[in-house]
Each structure stands twice: as C-alpha cells, then as structure tokens.
Visitor: 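Provided herewith is a single structure, encoded as structure tokens, for subsequent inquiry.
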Amino acid sequence: MNWKLSLNIALTHLLTKKKQSIVAMLGVTFGISMFIIMISFMTGVNQFTEDLAMDNTPHVHIYKSIEIEDKKIVALDKPAGDSNWYVVKHQRPKNELSKIKNGLAVMERIENMPGVRGVAPQVSTQVFYNNGPVQIPGTVFGVDVKKQADLFDLDKKMDLGELNDLLKGSDVIIMGKGLAKKMGVTIGDRVSVTTPEGGNLNLKIVGIFSYGIAQLDQTQSYATLATVQKILQKDPSYVTDLNLKMKDVNAASALAKSLENQLPDVKIEDWETANQSILAGTQIRNIMTFVVCFTLLVVAGFGIYNIMNMNIINKMKDIAILKATGFQGADVTGIFMLQSVMIGIAGGFFGLIIGFFFSYLLSITPFPAGEFFRIDTFPVNFNPVHYFIGLFFGFLTTLFAGWFPSRKAAKVDPVQIIRG
Amino acid sequence: MATVLKAENIKKKFFQPTEFEVLKGLDFEVHEGEFFSIIGKSGCGKSTLLYILSTMDTDYDGTMHIKGEQLTGKTQNQLSKFRNEHLGFVFQFHFLLPEFTALKNVMLPALKLGKYSEKEIEHRAIEKLRLVGMDEFAHKHANRLSGGQQQRVAIARALVNDPAIIMGDEPTGNLDKANSMRVFDIFKQLAEENKQTIITVTHDHDFANGSDRIMEMEDGRILGIEPPTEPTPYIK
C-alpha cells in the first residue's frame with residue numbers, strides 16, 4: 001500500500017471540502033477542550049479538598065486511648081465449695097495518664113525508620129476558654145513549633161501574627177479564627193484557659209490561624225509543648241500524641257501495622273482509617289469526572305463517525321473509480337482512515353489549546369468562597385498528564401470512529417456503482 | 001495474431017429479483033491490437049460480460065485468461081494489481097475525481113503502480129493528455145471540464161500505464177457526434193499504432209462498424225463474431 005499517495009488523496013479530499021472538514025474537526029476540538037476544562041477543574045477541586053483535609057491530618061497518629069478492655073473480670077478468691085462464677089460488670093477505667101510511655105524516645109526511634117518524613121510530638125487537652133463569665137469548650141495543642149511548620153504547614157495557615165512568635169515569649173498562644181471571633185479577642189489580648197482537672201493559666205494571643213474548616217477554627221488553639229505541659233502541671237516528657245508524616249502517603253498503613261506490633265500499649269491509626277469518608281468522596285468525584293469526560297469524547301467520536309459515513313456515501317463514485325483503476329481495498333481504507341486521523345489530530349490539538357485557555361481563565365476567576373476558605377480563585381489543576389490523555393483518547397476515538405466507515409469504503413463493489 | 005484475451009464457457013446468474021441466467025456459456029478470443037466491439041440489445045448481457053472481462057466482477061462460472069494468465073480464481077487484491085498494470089477503462093459517464101486536476105486524475109493510476117518516479121509519471125501523463133488533445137487543460141479541475149473533455153481525460157487516464165487492453169463501456173454513449181468521432185479516432189490510433197487491444201460495448205452501430213470485429217449478443221449468447229460489413233461515417 002502506498003502511504004504517500006493515500007495521504008495525498010486524503011489531504012486533497014479534506015482541503016476541497018474545507019467547511020465539512022472544519023465542522024468534523026470542531027466536534028473533536030469541542031470534546032477535547034471540554035475534557036481538559038472538566039478534568040482540570042474537577043481534579044483541582046479534588047486536590048483542594050484533599051489538601052484541606054490532609055494538611056493537618058497526620059499520616060499515622062499515635063496516641064494513648066483510654067478505653068475499657070473488653071475482658072470480663074472474674075472474682076478469683078471464691079469461697080471453698082462455691083461453684084458459682086462472680087463476674088464484675090460495668091467496669092470503670094482506672095485512673096490512667098493519657099501519656100505515651102517514653103514518648104520522646106519513641107518519637108526519635110520512629111523518625112529514624114525508613115520512609116518517615118518526620119514525627120511531631122503533641123500534648124493535647126480539652127480546655128475551657130474563659131471569656132468573662134462565659135466558658136467556651138475547645139482543645140489546646142502543645143506542639144513543637146518547628147516540626148509543626150515543617151510537617152503540617154501551620155505557618156502557612158496564619159492569618160495574623162507569625163507562628164514563630166510562639167517561641168518568642170512564654171505563656172503565649174495562637175488561636176483559630178472562628179474561636180477568636182466568638183470570644184471577641186485578637187492579637188495582644190489575654191485569655192484564660194482551664195483544664196478539666198482544674199489547671200488554669202492566663203495566656204497572651206500572638207497569632208490567629210485558619211484552616212478553612214469551621215469545626216477546627218472554632219475550637220482549636222496552639223501553644224508550645226512547654227506551655228501546655230505547664231497548664232496540665234506535667235513534666236517535660238509528657239506527650240499525648242505523636243503525629244507522623246510519611247514520604248509516601250500510601251506507605252502509611254503498612255507502617256502503622258508494623259508499629260502496632262512494636263508498641264502494644266498505644267493506639268495507632270493511619271489516615272486512611274481516619275478519613276474514610278473523605279476518601280470515598282474523592283473516589284466518587286473522580287469516577288464522576290471520568291464518566292463525564294469519557295462521555296464527551298464518545299460524543300465527539302460519534303460526530304466523526306457520522307461525518308465520515310456521510311463523506312463515504314458522497315464519495316462512492318470516487319471509490320469505485322479508484323478501485324476500477326487498480327486501487328486495492330487497503331488503499332481505500334487508508335485514504336479514509338488518514339482523513340479521520342488528520343481530523344482527530346488537528347481537532348485534538350486545537351482542543352488542547354482552547355481547553356488550556358479556558359482553564360487558565362477559570363483559574364484567575366475570583367471565587368467568593370466565604371471567609372473560611374483559604375482561596376480567592378477557582379482551584380484548577382494544570383497537569384500535563386491530562387493533556388496527553390486528552391490527545392491520546394481523542395486520537396483513539398477518531399481511529400475507532402474512522403475505522404468502520406473506512407472498512408465500509410473498502411468493501412464498495414465498483415461494478416454496482418459504475419453500472420448505476 | 002497473438003491471442004490477448006481468451007474466455008471459455010463464461011456463465012453468470014443473477015439471483016435478484018429472481019434467478020436469471022444472464023450469460024449462458026460464452027467462448028471467444030480477442031487478438032492483440034484488435035479493435036473489438038460488442039453490440040446487442042439492452043439486457044442481452046454485454047455490459048455484464050464486460051465487467052467480468054474487466055476482472056471487477058468475479059462472481060461467474062467459466063475461465064478467463066488475459067495475456068496467457070488465468071485470472072479466474074485470483075483474489076481481489078491480485079486482480080486490483082493486475083487491472084492497475086494491464087487494463088484501462090473508459091466508462092459511459094466520465095467518472096473523473098472532481099477534486100483533482102485533469103493531470104492528477106491521469107497520474108493517479110500510475111502513482112499507484114509506482115513503476116516510475118513522480119516526475120516521469122507527470123511527463124508521461126502530459127504526453128497521454130496531448131495524445132487525446134487535452135494537454136492545455138492539464139491543470140484545470142476535473143469538474144470544470146465539459147463532458148467531451150472529461151471523457152478524453154478519462155481515456156488518457158486509461159492509457160497512462162500503457163495497458164495491454166483498454167475496455168470501454170459505451171464510451172461514446174454520453175457524447176455528441178463530434179466528440180464521439182474524436183474518441184473513435186483515438187481508439188483506432190491506439191489499436192493501429194500502439195498495438196493495444198480495444199474492447200468496447202456500444203449501442204452506436206456506426207462506432208461498431210469502424211472496428212475490426214463485431215461480436216453481436218442476444219439473450220446471453222453470441223450470435224456471431226464478424227468483421228463489419230457496412231460503411232461508417234467515422235472513417236472518412
């Protein structure tokens with residue numbers, strides 16, 4: 001089969017019927033550009049919500065959980081001759097510290113494990129923020145400031161003040177935006193916190209942060225490890241949580257499993273277990289994105305199929321002539337496949353450009369997200385992989401859409417056409 | 001004279017709308033450089049026979065040889081190749097590719113054959129166009145030419161690969177007297193000077209009377225193959 005000749009004929013066909021070729025091309029262009037816009041925007045949104053949830057979520061969370069062991073206590077010293085069992089029901093937990101044993105040593109050990117990016121120690125406690133006579137319940141986290149910034153980007157969530165201000169004074173705290181608003185306080189004001197055990201400390205606010213998640217911003221505040229240990233009246237080795245970040249997120253559950261064997265007296269939870277609902281949401285959105293995008297490509301494919309079919313019906317006479325003068329079935333298939341493929345490539349290429357242009361416009365469009373969200377424009381993901389996928393599938397659909405009409409063209413019986 | 005085409009016991013049946021035997025066993029030979037006409041009433045099977053001879057219709061009984069090669073039983077692709085190289089066609093309706101220039105239309109079968117370089121093919125195509133008096137229209141688009149002009153370009157296309165046999169299905173059926181005479185002269189010249197064989201199906205008795213032998217058909221049978229007896233205005 002003579003490719004150069006087929007290409008020559010295909011090109012002549014396309015260029016003679018410019019209008020028809022452009023309409024066919026626009027079908028692909030529209031499909032691919034919508035695909036790019038949709039997938040960029042949808043994955044941008046997914047990425048945004050995932051970041052929102054993942055930024056302050058540890059990949060593995062180690063903490064001491066106070067829970068009742070599900071073991072029935074049986075009275076041991078039964079009187080002689082008594083054949084009954086005495087079972088204690090409704091046990092209460094014993095007074096146990098929520099401290100992780102040798103917390104800081106464990107932390108160092110885990111930090112040296114392969115695949116671990118870092119471990120941030122944390123002391124957390126339920127508190128009441130006292131605002132005049134009103135008490136607002138919430139949580140104070142004592143953290144290692146540098147690690148919290150490194151691993152959880154807390155420094156990037158600051159609305160007012162700097163995270164490092166926590167290191168500059170003693171008895172200082174940074175507060176969630178919603179919480180500060182509720183209490184009517186801002187930087188420089190003082191607030192008194194009380195623990196359930198009765199510990200009390202007067203703290204100065206040096207910063208306001210917001211995660212963009214109301215539930216967190218309305219209850220949380222951060223201070224240094226030492227400050228919270230002071231509120232709780234505990235020693236410097238008192239650590240209640242270890243928050244791990246992995247180099248590879250997907251290795252988290254494997255590490256959690258191996259840690260479970262090494263640290264039997266603490267509870268270990270990986271992010272997948274903790275965030276199942278978010279993961280499910282992301283997965284459903286991804287499926288939807290792909291269904292919509294796939295549909296767009298199929299619609300574009302049908303457009304090409306129709307136009308190629310029409311084209312071939314119009315060209316029956318020409319096909320008969322080509323065959324009568326010695327062109328083979330494969331040559332005819334080649335001519336029409338090449339047309340289809342050229343439409344696909346040109347249309348796909350323009351689709352990418354238009355898709356990029358519109359997703360760029362979208363990415364600079366202001367987005368009124370409300371005061372909690374930390375974005376001002378629509379989240380758009382510019383991933384080159386999407387552009388390759390778009391071009392590839394655009395090419396593939398035109399290949400399929402062109403194949404069946406082209407096969408039909410190859411089977412044209414010249415005698416029937418020429419005899420009329 | 002050498003035999004260029006030999007048909008033995010050619011039979012063909014149509015099944016639509018009802019079973020009907022259109023060719024009832026034909027035997028004949030055509031010689032090299034012969035101008036061979038097939039005449040007969042409509043429906044006698046002469047066009048059907050021509051399409052079998054042209055190798056485009058493969059659904060028949062009997063055997064056919066062209067240039068000593070048996071073509072019956074070959075695959076479509078083999079036949080396409082054979083047609084490309086050894087056969088030329090001229091149809092009643094001129095059937096040029098409308099998107100291409102006259103020159104390109106003539107060049108296409110040669111480009112497909114790929115025996116010569118593109119430059120050479122163009123040169124040869126222009127020569128063939130000159131032979132049919134169309135060289136000055138070479139770069140005109142096919143759909144801008146008149147019917148007679150298109151038919152002459154179609155003849156040039158049939159000639160471009162120097163085929164052994166040129167077949168025409170009522171090549172003058174759609175043309176006026178002047179253009180018909182031109183086509184006839186070209187055919188006559190090809191047969192006499194180039195020793196190319198011409199086989200045409202025609203309704204035009206004057207045209208047939210200018211040929212070397214006439215095969216008359218009726219109801220799927222050969223009535224007779226004889227040289228023409230009547231004079232014709234085509235030959236002055």
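Order of the sequence lines fixes the chain letters, A, B, ..., with proteins taken first and strands second; residue numbering starts at 1 for each chain.
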Visitor: Using heavy-atom distances under 4.5 Å, tell me whether B/E85 contacts chain A through its side chain, its backbone, both, or neither.
Guide: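 For B/E85, neither part sits under 4.5 Å from chain A.
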Visitor: Rounded to the nearest 0.5 Å, what's the gap from NZ on B/K24 to CZ on B/R221? Could you check?
Guide: 5.0 Å
Visitor: Using a heavy-atom distance cut-off of less than 4.5 Å, which residues of residues 8-30 of chain A contact chain B?
Guide: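 Within residues 8-30 of chain A, the residues under 4.5 Å from chain B are A/N8, A/I9, A/T12, A/H13, A/T16.
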Visitor: Who among B/N84, B/L113, B/V160 has the most heavy-atom pairs with chain A under 4.5 Å?
Guide: B/N84
Visitor: May I ask you to test the B/H86-B/I165 pair for a side-chain heavy-atom distance under 4.5 Å?
Guide: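 Result no, sub-4.5 Å side-chain heavy-atom pair not found.
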Visitor: For chain A, which residues from residues 98-110 of chain B lie under 4.5 Å away (heavy-atom distances)?
Guide: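 Within residues 98-110 of chain B, the residues that come under 4.5 Å of chain A (heavy atoms only) are B/P98, B/E99, B/F100, B/K104, B/L108, B/P109.
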Visitor: Hey, are B/K41 and B/E216 close enough for a salt bridge, meaning a charged N less than 4.0 Å from a carboxylate O?
Guide: no
Visitor: What residues form a ring-ring contact (aromatic ring centres under 6.0 Å, His included) with A/F336, not counting sequence neighbours?
Guide: none
Visitor: For a 4.5 angstrom cut-off between non-hydrogen side-chain atoms, does B/I38 reach B/T200?
Guide: no
Visitor: For B/T48, which atoms come within 4.5 Å of any heavy atom of chain A: side chain, backbone, both, or neither?
Guide: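 Both parts, heavy atoms under 4.5 Å.
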Visitor: Run the side chain to side chain donor-acceptor pair (under 3.5 Å) test against B/N77 and tell me which residues pass, sequence neighbours left out.
Guide: none
Visitor: Can you see which heavy atom on B/V90 is nearest to which on B/A158, and at what distance?
Guide: CG2-CB, 4.0 Å
Visitor: Working note: B/N9 + B/D61, criterion side chain to side chain donor-acceptor pair (under 3.5 Å); need CA distance, chi angles, decisive distance, verdict.
Guide: CA-CA 7 Å; B/N9 199 22; B/D61 291 326; over 6 Å; no
Visitor: Would you say that A/T377 contacts A/S363 through its side chain, given a criterion of any heavy-atom pair below 4.5 Å between the two side chains?
Guide: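 A/T377 vs A/S363: side chains apart.
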Visitor: Quick one: CD1 on A/I389 to CZ on A/F290, what's the gap to the nearest 0.5 Å?
Guide: 5.5 Å
Visitor: Rounded to the nearest 0.5 Å, how far does OG of B/S146 lie from CG of B/N179?
Guide: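 Answer rounded to 0.5 Å: 6.5 Å.
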